[in-house]
Engineer: 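Supplied in structure tokens, the structure appears directly below.
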Amino acid sequence: MESPRGPGLFNRDQRHRPILSIERRLILSTLVVVGTQWGDEGKGKVVDLLTSRVRVVARFQGGNNAGHTLKVGGEQIIVHLIPSGILYPDTINVIGNGLVVDPAVLLQEKADLRRRGYFRQDDQLVISERAHVIMPYHKVIDLGREELLGNKKIGTTGRGIGPAYEDKAARVGIRMGDLTRPDHLRKRVDAALAEKNVLIEHLFKRPRPDANEILDQYVAYGEQLKPHITDIARILQEKLDAGVHILFEGAQGTLLDIDHGTYPYVTSSSVVAGNVCAGCGIGPMKLDQIWGAAKAYSTRVGAGGFPTELTDDLGERIRMTGAEFGATTGRPRRCGWLDLVVLNHSIRLNGLTGLVLTKLDVLTGISPLKIATAYELDGKIIERVPWDVNDLDRVVPIYKEFRGWDEPISECRSFDELPRNARHYVEAIEHITGVTCTLISVGPGREQSIIRESPF
Ligand code: IMP
């Protein structure tokens, strides 16, 4: 049907969008990479791989609860806070306003990276003046609360993430910009401590933090970080207008999302792709592609429902082969079969346009392989993740079985080189989810990747 404004003004598929905005989209190229499970899906490697094709890598939520393991030329580098693009000298790394930043961790990462020959220029990193700061009392509260919860504890990373986000919502948080204004910072810290000290002293039975000590330390952090602290939304908007390729790097995974995850066993931020906009200060129309990273099996650290968990020798085998120990806390990760109920949940919530399947090589030698396609709950078949974790604990996964393969696959560089059964496994995932596996990872190295579609 021709548009009332004449031919060509409206695109057939997007009839209500004027051509003007479509032309703008053509000069943009942004990609979001999020986790589709409980974190640790291997996003860091994928982001690192794609970073050679972008000029900006931005994080939009979380803090140093994340841990991205990057492998370059046999060297292993773990970053917790600084975006994965830091290994490329001409890439700008952005810490968005949606993060909570521990300045001590940030400075330590900067120093470590410099010592290893990376991050030579200050302008490789920009930090939002609006990002919130993790203060020493946040860590005391995080650990104190977990201790009080006893066997009901969340299993947090103990980094103060939750309490820092609580302060943001309670409007008593300290922001990165505050660190550069000592007088202002004193007032903010005094106000925050008036309340916190009661909790720390009387509920958690810990010594009161010393306000002067905190101030001296955090003013010093502010001085050291000043070259990086800026208006990141403006920088991103300028880069978007110039058509620069930007990669938005998610942390954690969709099942740890504060709204859509297995609440209360979740992190304290919104980890889904929709939060890129709020967490970096850009509009929703700027996001072109959204990829979700999924391990070829499942893992989880910390407590909370995990329907396909393997608590037997096979779970242990996957843990050892896949080196499934937390990059941040070193805790052994719980391991289990791939769960497509979870994956489909993430696909819907993030609007995924591609799947990045990681660690396929870890499944070599295991047969049969199982994939959960639905759950049974109280005699009913369900294909959705229940909102109540008590129900999630009770569901019985319904599995499809697949023949495994014995051939090593870490040297495969194209889909056709994979053994037939490995291809069938990938194709089954694509068939059931309706989303293409754009990238398949067959080992930790950058080169151990099968790139089937490139976003840039
Ligand atoms: P928090 O984010 O430290 O408050 O921890 C809350 C929950 O999220 C715990 O179960 C953590 O183990 C989990 N978590 C937080 N960050 C990550 C991550 O990057 N990978 C895996 N699990 C995480």
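Computation of the quantities below employed the complete heavy-atom set of this structure, encompassing side-chain atoms and omitting hydrogens, waters and symmetry-equivalent molecules. All residue numbers refer to positions in the sequence shown, counting from 1. We count ligands from 1, going down the list as the structure has it; atoms in each ligand are counted the same way.
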Engineer: Give the numbers and elements of all ligand 1 atoms closer than 4.0 Å to a heavy atom of G302.
Structural biologist: 10 (O)
Engineer: Please examine the side chains of V396 and I398, heavy atoms only from C-beta on, and report whether any two atoms are closer than 4.5 Å.
Structural biologist: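 Contact flag for I398/V396 side chains = no.
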Engineer: So F402 and Y425, would you call those rings parallel, tilted or perpendicular, with 30° and 60° as cut-offs?
Structural biologist: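 F402 vs Y425 ring planes: perpendicular.
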Engineer: G155 heavy atoms, cut-off 4.0 Å: which ligand 1 atoms fall inside?
Structural biologist: 9 (C), 10 (O), 11 (C), 12 (O)
Engineer: For R171, check salt bridge (charged side-chain N to carboxylate O under 4.0 Å, His left out) against everything at least two apart and list the hits.
Structural biologist: none
Engineer: Counting heavy atoms only, which part of R300 comes closer than 4.0 Å to ligand 1: side chain, backbone, both or neither?
Structural biologist: neither
Engineer: Heavy atoms only: which of I161, T157, V266 lies closest to atom 3 (O) of ligand 1?
Structural biologist: T157
Engineer: Counting heavy atoms only, which of T156, D40, I258 is nearest atom 21 (C) of ligand 1?
Structural biologist: D40
Engineer: Work out whether the distance between some heavy atom of Q252 and some atom of ligand 1 is less than 4.0 Å.
Structural biologist: yes
Engineer: Which ligand 1 atoms are under 4.0 Å away from a heavy-atom of I154?
Structural biologist: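 Numbered from 1, ligand 1 contributes 10 (O).
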Engineer: Can you list the atoms of ligand 1 that are under 4.0 Å from a heavy atom of W38?
Structural biologist: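 Going through ligand 1 atom by atom, the ones under 4.0 Å from W38 are 21 (C), 22 (N).
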Engineer: I'd like to know whether ligand 1 has Y265 as a neighbour, heavy-atom separation below 4.0 Å.
Structural biologist: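 The answer is no, since Y265 has no heavy atom less than 4.0 Å from ligand 1.
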Engineer: Say whether R159 and T329, considering side chains only, have a donor N or O and an acceptor N or O under 3.5 Å apart.
Structural biologist: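 Side chains of R159 and T329: no pair found under 3.5 Å.
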Engineer: Under 3.5 Å, N or O to N or O, is T267 touching ligand 1 that way?
Structural biologist: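 By distance alone, the answer is yes.
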Engineer: Output the list of atoms in ligand 1 that are nearer than 4.0 Å to some heavy atom of L256, sorted by atom number.
Structural biologist: 8 (O), 13 (C), 14 (N), 22 (N), 23 (C)
Engineer: Compare A66, G39, A251 and give the one whose heavy atom is closest to atom 19 (O) of ligand 1.
Structural biologist: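 Looking at heavy atoms only, the winner is A66.
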Engineer: Report yes if some heavy atom in the side chain of C277 is under 4.5 Å from a heavy atom in the side chain of P284; otherwise report no.
Structural biologist: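 Result yes, sub-4.5 Å side-chain heavy-atom pair found.
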Engineer: Looking only at distances, can you tell me whether any N or O atom of N65, backbone or side chain, sits closer than 3.5 Å to an N or O atom of ligand 1?
Structural biologist: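 Between N65 and ligand 1 (N or O atoms, distance only) the closest approach is under 3.5 Å.
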Engineer: Does D257 reach the side chain of V266, with side-chain heavy atoms less than 4.5 Å apart?
Structural biologist: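 The answer is no; the side chains never approach within 4.5 Å.
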Engineer: Please check if any side-chain donor atom of Q61 sits under 3.5 Å from a side-chain acceptor atom of S270, or the reverse.
Structural biologist: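 No, no side-chain donor-acceptor contact under 3.5 Å.
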Engineer: S410: which residues meet the side-chain hydrogen bond (donor to acceptor under 3.5 Å, both in side chains) condition with it, sequence neighbours left out?
Structural biologist: none
Engineer: If you count the atoms of ligand 1 from 1 in the order shown, which ones are under 4.0 Å from a heavy atom of V301?
Structural biologist: 10 (O), 12 (O), 21 (C), 22 (N)
Engineer: N344 and E383: side-chain donor and acceptor closer than 3.5 Å?
Structural biologist: no
